[in-house]
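Since the structure comes first, as structure tokens, the remarks are kept for the end.
Proteins come first, then strands; the chains are lettered A, B, ... in the order of their sequence lines, and each starts at number 1.
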Number of protein chains: 2
Amino acid sequence: MIETKTMEYNEKQVQIIETAERLFSAKGFEGTSVRDIAQEAGINIAMISYYFGSKEKLIEAIFDYRISYTRLTMLGLLQDESLSPTIKIEKIIDSYINKMMSNQCFYRLMSQERAILEVHNITELIYDSKSKNMDMVKKIIHEGQRTGEFRKNVDVSLLMATLIGTSNHFTVSQEFYRRYNNMKEMPEEEFQKHLKKKLGNHLKSIFKALLTNEA
Amino acid sequence: MIETKTMEYNEKQVQIIETAERLFSAKGFEGTSVRDIAQEAGINIAMISYYFGSKEKLIEAIFDYRISYTRLTMLGLLQDESLSPTIKIEKIIDSYINKMMSNQCFYRLMSQERAILEVHNITELIYDSKSKNMDMVKKIIHEGQRTGEFRKNVDVSLLMATLIGTSNHFTVSQEFYRRYNNMKEMPEEEFQKHLKKKLGNHLKSIFKALLTNEA
DNA sequence: TAAAACTAAACAAACGTTTAATTAATTTTT
DNA sequence: AAAAATTAATTAAACGTTTGTTTAGTTTTA
């Protein structure tokens, strides 16, 4: 149905992709000009059309680049028979948070694109990726229901909305969090670790409460 | 600190504001031209500069218009002495979901702006509004901790991130939800009611699990 | 020496904003 | 109450920039 291109990109193309990703996430797709990108990446404007065809195709390349790169890591989890569903869910939460925290530009960009209705040709790519993630989590939860670890009547859509929505909002609002909690002085790296830990524990306790059987 | 303008807008200005809000939310701020807005609102392009000064000031007017309009409703809750903290929290959840579901364009636009770093002059306005919401919820939770309804060690920042993040993500991804769960045939109004109910129950059970003392 | 990588310059189209003129509404003066 | 004066609302056209893309030529690589 969806032709997943998953192109190979050369060094220069990756350089352009990562520069564009950073600028798009900071100023928005329409708010960033190809001249901005060219200047920031230290290349000629024409190279963007030369390598990608258009600005539109460039953002598609960004999503192609990041999504194909991201999917691989999660798949290994499912096969591992030695892990209990509870542990698998915990690992998925950690894995998602790690991906998001170390690719904040991309997730910021994805948040923007999600919120825009008349969207670029990446809608199908995102839909496809979301479906696969949803299917995977569903499988694990069904597994947990079979073993008796998890309760019946779990709404996976809302569970995923909570994982993704809470994580995104918390990350994107980190400057508010810093100001509101008077943490201006904390070094950036330490602050990021703090966010990760807080967020991880929070989501795990939510998932535990929603998944496990009442005592 | 922040001069909350809370201007009065005449009929024509409101018409422009609401048209712009709809277009901005659908195509993004930079993706929408003043000509788009003028055409859709059935007015001359120059009227936008005439009434608001610039496109930039127009989006500020949108946020001024919506945020000042929104804040009033929540405040009444706090004063009501007859309601228990538990009920108050439930009412806040319902109130937030209702506001969001009946102003989807505005919340979509706010999601976009939140995700963009180099943002417009509305940052302070949003920060101010968020702080006030946070303070209010904090107050209610402290009240619940005094009465013994709520446990100690509640992270209000993460609680709010879950309320706002989950709600936004669920709403913004409603088309995915429709497709993934084969609900294409359900009438729009019924579908919206369905989302509201699902989301409300979900968030209430999360808040209950995170706030109340373990049995 | 052919293909690939790269460049400066030019392209038309679209952008937000302003101008100058006209119509509509309101206030002031008779 | 009518006429005049003043302000507000509205318009079409033009403004100078900036936009994404292309061209035609040059340099580099294989």
Side-chain angles (χ1 to χ4, degrees), chain A residues 5 7-65 109 112-113 116-122, chain B residues 5 7-65 109 112-113 116-122:
Chain A
K5 290 168 276 183
M7 275 184 55
E8 291 274 305
Y9 300 103
N10 65 39
E11 207 175 313
K12 210 97 194 183
Q13 283 174 309
V14 170
Q15 181 195 350
I16 296 172
I17 284 178
E18 291 182 346
T19 305
E21 178 187 64
R22 183 162 49 81
L23 292 178
F24 285 162
S25 78
K27 320 203 285 176
F29 174 76
E30 305 277 1
T32 307
S33 71
V34 290
R35 281 169 182 81
D36 288 339
I37 300 168
Q39 183 167 21
E40 198 77 8
I43 54 144
N44 189 280
I45 325 168
M47 294 308 292
I48 291 168
S49 294
Y50 178 73
Y51 275 129
F52 299 97
S54 66
K55 190 189 176 189
E56 186 74 25
K57 296 250 184 70
L58 172 55
I59 197 179
E60 291 170 26
I62 293 175
F63 277 80
D64 178 59
Y65 175 67
L109 178 57
Q112 293 170 28
E113 290 300 311
I116 290 179
L117 282 175
E118 288 183 16
V119 91
H120 310 96
N121 289 343
I122 49 187
Chain B
K5 289 169 277 181
M7 273 183 56
E8 291 274 306
Y9 299 104
N10 65 40
E11 208 176 310
K12 209 98 194 183
Q13 284 174 309
V14 169
Q15 181 195 351
I16 296 173
I17 285 178
E18 291 181 347
T19 305
E21 179 188 65
R22 183 162 48 83
L23 292 178
F24 285 162
S25 79
K27 322 204 286 178
F29 174 76
E30 304 278 1
T32 307
S33 71
V34 291
R35 281 169 182 81
D36 288 339
I37 300 167
Q39 183 167 23
E40 198 76 7
I43 52 142
N44 189 279
I45 324 168
M47 294 307 291
I48 290 167
S49 295
Y50 178 74
Y51 273 131
F52 300 98
S54 67
K55 189 189 177 188
E56 186 75 24
K57 296 251 184 70
L58 172 56
I59 195 178
E60 291 170 25
I62 293 174
F63 277 80
D64 176 59
Y65 175 67
L109 178 57
Q112 293 170 27
E113 290 299 310
I116 290 179
L117 282 176
E118 289 183 16
V119 90
H120 310 97
N121 288 344
I122 49 188

Distance, rounded to the nearest Å, where B:H120 contributes NE2 and C:dG16 contributes C1':
13 Å
Tell me which residues in residues 29-41 of chain A lie within less than 4.0 Å of DNA chain D, going by non-hydrogen atoms.
A:T32, A:S33, A:V34, A:R35
Find out whether B:E21 and B:F24 are in side-chain contact, i.e. whether some heavy atom of one side chain is under 4.5 Å from a heavy atom of the other.
no
Residues forming a ring pair (Phe, Tyr, Trp, His ring centres under 6.0 Å) with A:Y51, sequence neighbours excluded:
none
Between B:H120 and B:F29, is the gap from one ring center to the other below 6.0 Å?
yes
Distance check needed: C:dA25 P versus B:E11 CD, whole Å only.
13 Å
Short side-chain to backbone donor-acceptor contact, B:T32 and B:L23, under 3.5 Å:
yes
Residues of residues 42-58 of chain A with a heavy atom under 4.0 Å from any atom of DNA chain D, listed by number, are A:I45, A:A46, A:S49, A:S54, A:K55
A:I43 side chain near A:I48 side chain, heavy-atom distance below 4.5 Å:
yes
OP1, OP2 of C:dC6 versus side-chain N and O of A:K12: anything below 4.0 Å?
yes
Within 6.0 Å of CD in A:E56, more than 12 heavy atoms from elsewhere
yes
Return the value, rounded to whole Å, for the distance between atom CG of B:N10 and atom P of C:dA25.
14 Å
To the nearest angstrom, the CD1-P distance between A:I16 and C:dA5 comes to 11 Å
If we only count heavy atoms from C-beta on, is the A:I16 to A:Y9 side-chain gap below 4.5 Å?
no
Would you call B:Y65 and B:E18 a side-chain contact if the rule is heavy atoms closer than 4.5 Å?
yes
